[in-house]
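Bear in mind that the values here come from a model prediction, so they are computed numbers and not experimental data. Convention: sequence-line order gives letters A, B, ...; per-chain numbering from 1.
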Amino acid sequence: MRPIATTRSASGTPTGRLAVWWVIASEIVIFGGLLASYIMFRLSHPEWAEYASHTNTWIGAFNTFVLLTSSLSAVLAHQAAEAGNGKKAAKLLYWTMLGGITFAVVKGFEWNMEISHGFTISSNGFWSFYYTAAGLHALHVIAGVVIMGIVAQTAKQNLELHRVELIGIYWHFVDLVWIFLFPLLYIAK
Amino acid sequence: MSEHAHPNYFKIWAWLLVLLSISVAGPMLEIPVVTLITAFGIAIVKAYLVARNFMHLNVEKKYVVYLLTTMVVFMLLFFAGAAPDVMNQEGDQWYKPKVEAEAAATPHH
Amino acid sequence: MAEHAGEAAHGHDGHHEMSFWSKYVFSTDHKIIGMQYMFTGMAMALIGGFMAYVFRMQLAFPGEAVPGFGGVSPADYNSLITNHGTIMIFWVAMPVLIAGFGNFLIPLMIGCDDMVFPKINRLSYQIFLLSAIVLIVSFFVQGGGFGGAWTAYPPLSAKAEYSLTPLGSTLWLVAVALEFVAFLLGGINFVTTTMNSRAPGMKMYDIPMVIWMIVVASILFMASVGPLIAGAVMLFMDQNVGTGFFDPGKGGDPILWQHLFWFFGHPEVYVVLLPAMGIVADIMTVFSRKKLFAYRTVLYTVFGTGVLSFTVWAHHQFIAGVDPRMAHIFTITTLLISVPIAEMCFVYIATLYGGSIQLSTPMLWALAFLAEFLIGGVTGIFLGASGADVYFHDTYFVLAHFHYTFFPIAIIGVFAGITYWFPKMFGRHLSEFWGKVHFWGTIVAFNCIFIPLFMLGAAGQHRRIYNYNHFPDLATPELQRLRVIATSALLVMLAFQAVFLINFFYSLFKGKKAEKNPYNANTLEWTAASPPPHGNWAELPRVYRGPYEYSHPDRDTDYWPQNEPN
Amino acid sequence: MLEHYLPAASTYASDIDGLVNLIFWIVGVWFVLCQVVFFYFIIKFRRKPGVKAQYITGEEKEQKRWISIPHALVLICDVFIVYGAVTVWVDIKQTLPEPEESTPVRVIGQQWAWTFVHAGPDGLLDTPDDIETVDELRIQVNHKYRYQLESEDVLHNFSIPVFRLKQDAIPGRVIEGWFEATQTGTFDVQCAEICGIGHGIMAARIVIEPAADHAAWMSENAPRTVLAATTP
């Protein structure tokens with residue numbers, strides 16, 4: 001049973017959403033620390049531009065496209081949930097999950113290709129950051145897909161519809177991180 | 001939350017895709033400054049669009065925006081504190097000898 | 001929000017019998033989770049204390065077998081000091097002060113029935129317990145426990161051929177990372193609960209100081225730990241898959257880790273300090289029957305300290321090879337942060353003025369906190385001033401300094417809190433007499449441990465050395481005498497903890513029964529039964545005023561509970 | 001105060017000691033003041049039957065003065081401390097003597113020994129007459145030395161307590177600094193940064209000798225590498 005505490009809202013923001021903002025705040029500093037380190041190294045090692053030229057911009061761009069589109073379906077799911085249409089929200093969440101899965105699968109192929117060309121995580125600093133940053137992000141994508149599956153399952157029965165918004169906000173944040181990873185890892189050459 | 005008019009999400013999505021194409025096309029001009037702007041300037045615009053419209057920060061309580069901005073500012077602070085040591089090759093009374101060229105030349109296992 | 005309707009309908013989930021497991025082990029009740037954190041923390045404190053005993057014995061009587069441990073090899077010694085530090089900060093100070101008191105006190109003091117996310121709360125403890133187990137396992141793996149100091153500077157921590165503890169270092173890192181995850185989950189719960197679930201009528205300035213401080217501490221933790229989590233991922237990769245983030249041979253930089261670590265590490269000091277400060281504020285007001293002097297000023301100094309704490313981190317790295325020009329900036333910010341902390345101490349002293357002070361056991365601990373913390377505070381100035389730090393860095397002066405801050409925080413503050421809230425936690429009173437015996441035994445012995453260490457630091461004795469015989473200037477009988485004094489005092493202090501443990505467990509079952517509000521205190525937890533049932537109150541309280549309305553001139557009684565309409 | 005425990009054997013040792021004394025007196029006064037007031041309050045305002053505590057909010061201006069004035073005074077004291085710290089720091093860490101009037105010495109830390117490369121009679125490093133010693137640094141009194149600090153493996157810290165000198169040695173980085181001894185004698189050189197299981201045995205000695213003795217030692221050892229016996 002849910003405690004009364006959970007239903008109160010002294011700050012004016014519903015508890016669930018407030019918590020998601022705090023999660024995102026703590027995620028900003030995790031990715032922030034990693035990316036700040038990357039940028040420092042990148043600026044002090046001009047030769048990394050050469051290493052970076054082996055990344056495939058088109059795959060990166062395709063994945064950006066996939067994530068942006070999945071963000072659209074996530075926000076549409078939120079809209080449907082607000083309108084009380086749990087079925088539609090669930091369906092849109094499934095589309096979002098499909099986007100996340102596509103992203104992960106493409107990433108898998110991309111890495112497989114790069115590793116087979118000899119660009120492994122220990123090749124040099126650039127590739128270490130490439131795999132670590134994108135890997136940390138991919139873990140967030142996979143976690144998002146799993147949670148979204150659970151949320152969609154309850155939303156389908158018109159239960160806990162506020163969760164659709166919560167997972168949506170998280171998903172947009174994951175999208176946002178990728179928006180910065182894409183130029184940092186692929187475009188800057 | 002349910003009272004406010006929703007922005008047209010499709011329109012924002014379309015804008016994001018346009019920006020994405022520009023950021024991909026930018027480096028083809030092979031002008032470093034243009035690449036910098038199309039890559040990172042556009043990333044910031046994209047992030048703004050997503051945060052404002054998809055995450056609904058435009059209608060969220062202001063303190064949330066301040067909270068998230070504070071976190072970003074802390075990261076800039078971290079960068080400013082760490083960069084003088086990590087990013088530079090030399091500084092006041094210290095330098096990093098060029099070991100790297102050798103390390104890059106030796107094959108990695 | 002239509003969900004408020006549920007508030008009245010929330011009857012009590014009856015008294016259906018719960019099994020021991022669901023009541024005490026897999027409970028989602030914030031009080032039980034708080035106890036779990038507290039007891040786990042106390043168990044870890046015993047381990048950490050035992051480690052201190054072993055390495056202090058080695059220092060006082062180098063080379064001789066330590067009773068209960070045996071001979072101490074250099075590898076043992078490094079592992080002992082490393083894990084003593086790690087345990088005392090991450091597995092004692094944080095779980096007891098923030099998670100333990102935070103879980104127990106936040107819902108009770110803000111007048112709600114539980115944390116907002118009870119299941120996440122339970123998950124947080126389970127992850128924490130797992131992290132403690134991983135850490136303990138790391139002592140017994142091949143190669144022994146990690147011995148690269150709690151700061152884990154690479155390349156020593158990154159490469160097994162340097163540290164000689166291939167598994168120990170990785171398990172140590174994993175344990176610390178898991179612990180961070182546990183506290184992130186807990187912290188989000190604390191902050192959200194306090195922001196959203198306060199009793200009706202409780203405004204920002206009606207929140208008890210201890211809750212404010214725990215919340216600000218949680219926020220500081222959340223905002224600072226991110227870079228270190230990223231750093232831990234990078235270090236893990238360096239250890240296990242051959243990347244070179246911190247390896248200069250591969251284009252990395254060991255200094256980067258130091259920045260990532262201390263960007264977290266310095267706010268962390270305030271993360272543990274603030275809850276202890278809050279506990280002391282609440283106890284001091286109750287036992288001097290005084291309103292807290294300048295509540296808002298205290299709050300602003302807390303915020304000021306919080307923000308400033310993000311700008312001082314590199315004072316740990318003055319001589320660690322950072323660019324010397326940066327030292328000026330960090331000297332200035334470090335000395336600036338002395339201002340709000342000094343102000344907090346002034347406020348606490350001012351609170352005593354005109355009071356009616358009763359020297360009960362919790363009050364003794366609270367006052368001792370201030371007296372001892374002042375020593376820790378003023379000796380910090382020597383280290384924050386870059387010029388003086390050139391000499392003091394890595395000496396026992398540093399060690400004594402931060403023990404004079406962490407001991408008041410993690411031991412004195414915790415004892416203050418436990419002795420004060422014991423009646424609420426367990427419905428019984430501790431023995432005052434044995435409480436005072438324990439207090440004096442601990443405080444006197446504590447000073448006898450660390451004042452000699454200040455002297456040793458001034459004499460240039462550097463840290464993390466298992467045997468000073470290799471350093472002729474330090475192997476003198478005069479200095480050895482100081483080491484023996486410190487070790488003897490430690491033995492006395494550890495022996496006195498038995499008094500506490502006996503008092504604690506005896507009173508738990510046989511102590512005098514406690515009524516609802518034994519101290520005539522104002523805050524909401526004292527309006528619930530002792531101990532509070534599941535759900536805390538049959539009817540949740542309303543709040544009409546601030547927490548520190550003691551000795552109000554318009555009142556006959558010298559207290560004015562927050563929930564009384566007038 | 002530090003001289004009670006160990007001699008001040010470098011030109012800047014007395015500066016550091018002076019700074020430490022300055023801080024000691026400033027914070028000492030504050031500390032004693034706080035504790036005296038604190039204990040006075042505890043004794044004076046002990047609970048007495050029938051006496052009610054005063055109701056002081058601390059929010060009014062004349063009450064807040066008791067906090068804000070000490071606050072300002074602390075800030076002023078901080079200015080003095082910062083000034084002292086910065087001057088000493090600039091002298092030790094940011095000033096290098098001119099090459100003409102000083103001799104270079106290379107200090108290399110590794111697990112778990114110090115290697116010192118003395119410049120030899122010609123006063124230049126990386127020449128055939130360099131003298132390499134392990135765990136023994138020999139210098140001439142009243143002469144400026146520029147050290148180049150390097151590390152082979154992990155972090156170390158080149159620490160000479162009698163000089164009040166400390167500096168981390170970091171792999172992948174060369175850090176420069178200086179010292180000038182003011183008295184002769186033999187003292188400890190420590191490693192003051194944990195560097196693995198041998199950290200506790202990573203001791204060296206510094207031998208400070210008069211110019212004539214030092215010159216004799218150099219000419220005696222110049223061409224070949226000497227491994228000095230390590231201290232027990």
Side-chain angles (χ1 to χ4, degrees), chain A residues 1-42 44-48 51 115 120-133 135-137 139 160 162 166, chain C residues 1 3-7 10 13 28 30 107 110 112-118 120 184 187-189 191-200 202-203 218-219 221-231 233-234 237-238 241-245 247 250-253 256 259-260 263-264 535 540:
Chain A
M1 190 164 79
R2 188 167 289 170
I4 293 164
T6 318
T7 62
R8 284 180 175 170
S9 181
S11 71
T13 307
T15 302
R17 204 162 78 216
L18 187 61
V20 172
W21 288 126
W22 281 106
V23 170
I24 289 176
S26 55
E27 294 272 8
I28 288 178
V29 284
I30 296 178
F31 282 104
L34 190 62
L35 294 186
S37 311
Y38 169 68
I39 295 168
M40 284 177 219
F41 278 135
R42 185 68 200 261
S44 65
H45 295 78
E47 70 276 14
W48 284 20
Y51 306 150
I115 291 169
T120 64
I121 190 163
S122 51
S123 289
N124 54 49
F126 172 78
W127 287 101
S128 302
F129 270 110
Y130 173 86
Y131 287 107
T132 307
L136 195 62
H137 176 261
L139 283 180
E160 309 279 5
H162 67 286
L166 307 186
Chain C
M1 288 257 129
E3 285 148 294
H4 269 298
E7 196 147 331
H10 178 84
D13 32 327
T28 54
H30 70 98
I110 66 172
C112 62
D113 56 342
D114 207 332
M115 287 285 174
V116 288
F117 305 116
I120 292 183
L184 278 178
I188 288 166
N189 230 331
V191 177
T192 318
T193 306
T194 313
M195 283 177 78
N196 260 357
S197 308
R198 301 195 298 276
M202 185 180 258
K203 294 186 286 298
S218 302
I219 295 174
F221 179 78
M222 266 190 263
S224 63
V225 79
L228 185 56
I229 292 180
V233 171
M234 286 148 80
M237 298 288 190
D238 271 14
V241 300
T243 56
F245 293 111
D247 180 353
K250 292 183 180 171
D253 194 334
L256 174 64
H259 283 291
L260 292 165
F263 186 81
F264 160 77
L540 294 180

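Between A:Gly33 and C:Leu260, the closest heavy-atom pair is O-CD2, 4.4 Å. The shortest heavy-atom contact between A:Arg8 and C:Pro200 is NH2-CD, 3.7 Å. Shortest non-hydrogen contact noted between C:Phe117 and A:Gly16 is CZ-CA, 4.2 Å. Smallest separation of non-hydrogen atoms from A:Val29 and C:Ala223: CG1-O, 3.3 Å. Across all non-hydrogen atoms, the minimal contact from A:Ile4 to C:Asp113 is N-OD2, 2.8 Å. Smallest separation of non-hydrogen atoms from C:Arg198 and A:Ala10: NH2-CB, 4.1 Å.
Between A:Ser11 and the options C:Thr194, C:Thr192, C:Asn196, a side-chain hydrogen bond (donor to acceptor under 3.5 Å, both in side chains) holds for only C:Asn196.
Taking CE of C:Met195 as the start and OG1 of A:Thr13 as the end, the distance is 6.5 Å to the nearest 0.5 Å. Here the straight-line distance linking atom OG of A:Ser37 with atom CG of C:Asp253 works out to 10.5 Å at 0.5 Å rounding. Distance OG1/A:Thr132 to CZ/C:Phe245: 3.5 Å, rounded to 0.5 Å.
Sorted by first and then second residue, the pairs that involve residues 14-39 of chain A and meet ring-ring contact (aromatic ring centres under 6.0 Å, His included), not counting sequence neighbours, are A:Phe31-A:His140, A:Tyr38-A:Phe129.
Counting heavy-atom pairs closer than 4.5 Å to chain C, the top residue among A:Ala36, A:Gly125, A:Ala19, A:Gly32 is A:Ala19. When each of C:Leu184, C:Asn189, C:Val191, C:Asp238 is checked for heavy-atom pairs under 4.5 Å with chain A, C:Val191 comes out on top. Among the candidates C:Gly244, C:Gly187, C:Gly226, the residue making the largest number of heavy-atom pairs closer than 4.5 Å to chain A is C:Gly226. When each of A:Ala133, A:Ser26, A:Ser128 is checked for heavy-atom pairs under 4.5 Å with chain C, A:Ser128 comes out on top.
Checked against salt bridge (charged side-chain N to carboxylate O under 4.0 Å, His left out), C:Asp114 has no partners two or more places apart in sequence or in another chain.
Interface remark: A:Ala25 contributes no atoms to any contact with chain C (heavy atom separation under 4.5 Å). Using a 4.5 Å cut-off between heavy atoms, C:Met202 makes no contact with chain A at all. With a threshold of 4.5 angstrom between heavy atoms, C:Val233 approaches chain A through side-chain atoms but not through N, CA, C or O.
The shortest side-chain heavy-atom distance between A:Asn124 and C:Lys250 does not fall under the 4.5 Å cut-off. Residues C:Pro118 and A:Pro3 are in side-chain contact: their nearest non-hydrogen atoms beyond the backbone lie under 4.5 Å apart. Two residues are said to be in side-chain contact when any heavy atoms from C-beta on lie closer than 4.5 Å; C:Thr243 and A:Tyr131 fail this criterion.
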